[in-house]
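Below you'll find the structure, written out as structure tokens, and then a few comments.
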Amino acid sequence: MAEVATLEPPMTDPTQRRFRGSAKIGEYEVMREKLGEGTFGVVSKARSKRSGNLVALKKILMHNEKDGFPITALREVKLLKMLSHPNILRLEEMAVERAPVDDKGKTGKKRATLYMVTPYMDHDLSGMLTNPEIRFSEAQIKCYMQQLLEGLRYLHDSRILHRDMKAANILISNKGILQIADFGLARHYEGQTPQPGRGSGEAVRDYTSLVVTRWYRPPELLLTLKRYTPAIDMWGVGCVFGEMFERKPILEGKTDVDQCVRIFRLVGSPTEQSMPGYSDLPGCEGNRIWEAQKGDIDKRFGPKISSPEGLDLLKQLLRLDWSKRINAIDALQHDYFKTPPLPARPEDLPRYDDSHELDSRRRGHEKQRALSPAPAGGTVGMGPDEWNGNGAPGAYRNGHDYDDRAPRGYGRDRGPPGPHPPRGYDDRRGRPPPVDAGGGRVPAWKQDRDARAPPPPTNGHTLPPRPNDLPPRPDYPPSRGPPPPLARRGGGPDVDTYIPTYSSGDPGPRAYNPRRGSREGPYRDPDAPPMSRERDRPPHRDADVSYRGRGYPQERGGYGEPPRRTRSRSPERGQRESEARRERLQNREREMYRR
Ligand SMILES: Nc1ncnc2c1ncn2[C@@H]1O[C@H](COP(=O)(O)OP(=O)(O)OP(=O)(O)O)[C@@H](O)[C@H]1O
């Protein structure tokens, strides 16, 4: 929360009404139950009885009542309250629905439900692009791009990283106004604001790299750069720009490895010239499968983007070198916006029937395709990390192999809409995910009976892709042979695998220095909570904590199986241990939410 408190007051737009305060939910009449849903909110369409205006009510889901108000929602509310710009969704007020009272006038343990009230926007970009009745003209694309860049310029100038730039988070009204929404992953950043002609500048501290929906995630985050800059949002803008021409996400990676392969296939494989410092990034070790990619961006987008200026802007947004990737200030000055057809005026744009991402999912326009989960908003910095060997496709969601039956959303999977889950699967439609006996969230892999436990974490080391993650053979030169054997390290199934842990005597990977990568000392994830004492102690086979955060030989069970216990424990001791473990996990989770 500290980072929010230190926010400098952003520039304000006097034409925007400011945050009002709180209202009662009874002041709104719900018109449509569900416009959209995410992990922390179900969004409904409503009308204000006071003003008659249409609004969107985002219900803040409390997955774990014990933990109180979700930190992501708190962040979102705090940031939105401070922001004021025509291209940023405005938070009008919070609406409260009091917990139902019983005969004695008591609410019991139930808490009030909170809603974020924002102006109703007729469409989101993802919904529009999957609506076959909507076709964008080039002037219209330019108009939307200009507004998107204006919004981002304002955000970055206010030292805010959005960290979840994607088409579903870009809202558009029938007046042609575009607004950036969903600040659940946004945060304040330290460092210089972007300056004209100077990219996004240098970052001054580390943040978690587990942000941004995979299909929109920039290569530096896929390779786990932590000292990142607003350039991560600019990559997302590039993806959205391309999407407006192809009418579907341009890089639909099924795993993080596959995502990289697709990126490099589009823009060329990284070299020290095109992406200085890439080979020092933690995610690069052992993953050299992309060396021969050339890049087919001209061939792919040349015919679709009619002007060379448009193609150039796309290339500058999708630049591998994050320090040189174009910033919003410069992008707005790009010749693309100065050459005919000139950007349309918002008020001249056509009006359409409402289009939301959820509608397109319902209409079945989305093909059955890979979900591309980004980290849970609430689990930023948590959860299995593919590069760390847990990276089964979909690992954020179900902790093991990619499974396109799984529902969207659990653990705030920030992927594009997916197919509906099978009956009986908790699809979180307004319901919280299952909780375990201790009130904690049940790891997704535990919810799915067929799922194996996730593979062990690897202390922040990069592991080569598992065979299932590998792209088809042509991308993997046979001369290289199969990927090297997996280094075994790390912990059990319910561990926050994002936290690097080392057994004694194992220095672990060394720290990455983003200023040309000197590697010094044991690597420690800056976003991780302090190491627990257990993890600093030498391995102890029997206790659960002993295999958590430590390697165990492959022959002991392969992926995901913890080592077998060799000594029996008394039930009391077992219970004590599991309570202690639960408490540790909850503390860790709380710590993670705080980041
Ligand atoms: N003000 C609004 N007007 C109209 N629709 C909206 C509005 N706000 C959100 N939506 C719809 O709800 C969807 C989800 O909203 P939002 O991204 O804020 O929720 P979320 O819980 O953070 O979702 P996710 O976890 O997928 O990011 C949007 O894609 C959009 O379709």
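Both ligands and their constituent atoms are indexed starting at 1 by order of listing. Scope of the values below: all heavy atoms of this structure, side chains included, with no hydrogens, waters or symmetry mates. Everything quoted here is computed from the prediction, not taken from an experiment.
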Of T72, L185, D182, which has the heavy atom at the shortest distance from atom 27 (O) of ligand 1? D182
4.0 Å heavy-atom contact, A168 with ligand 1: yes
Of all the atoms in ligand 1, which lie at a distance below 4.0 Å from a heavy atom belonging to H356? 4 (C), 5 (N), 31 (O)
A student checking ligand 1 against L35 at a 4.0 Å heavy-atom cut-off should list atoms 4 (C), 5 (N)
Measure the shortest side-chain to side-chain distance between L221 and V212 over non-hydrogen atoms and say whether it is less than 4.5 angstrom. yes
Would you check whether S126 reaches within less than 4.0 Å of ligand 1, judged by its heavy atoms? no
Salt-bridge contact D233-R163 (side-chain N to carboxylate O under 4.0 Å): no
By number and element, which atoms of ligand 1 are closer than 4.0 Å to a non-hydrogen atom of M121? 2 (C), 3 (N), 4 (C), 5 (N)
Partners passing salt bridge (charged side-chain N to carboxylate O under 4.0 Å, His left out) against K304 (at least two apart in sequence or in another chain): E246
Which of the atoms in ligand 1, numbered in the order shown and given with their element, are less than 4.0 Å from a heavy-atom of A56? 1 (N), 2 (C), 3 (N), 7 (C)
Mind checking salt bridge (charged side-chain N to carboxylate O under 4.0 Å, His left out) for R319 and listing every partner two or more places apart, or none if nothing turns up? none
Using distance alone, determine whether Y120 and ligand 1 share an N or O pair under 3.5 Å. no
Using heavy-atom distances only, which candidate in A167, G127, G36 approaches atom 13 (C) of ligand 1 most closely? G36
Between L171 and ligand 1, is there a nitrogen or oxygen pair with a distance under 3.5 Å? no
In terms of relative ring orientation, are Y144 and F136 parallel, tilted or perpendicular, with 30° and 60° separating the classes? perpendicular
Backbone or side chain, does any N or O of V43 fall under 3.5 Å from an N or O of ligand 1? no
Location of contacts on N169 toward ligand 1, heavy atoms closer than 4.0 Å: side chain
Electrostatic pair R217:D256 at N-O distance under 4.0 angstrom: yes
Sidechain N-carboxylate O distance under 4.0 Å for K81, E93: no
So, S48 side chain and R50 main chain: donor-acceptor pair closer than 3.5 Å or not? yes
Proximity to ligand 1 by part of K45, non-hydrogen separation under 4.0 Å: neither
Are F245 and F301, when compared by the centres of their aromatic rings, separated by less than 6.0 Å? no
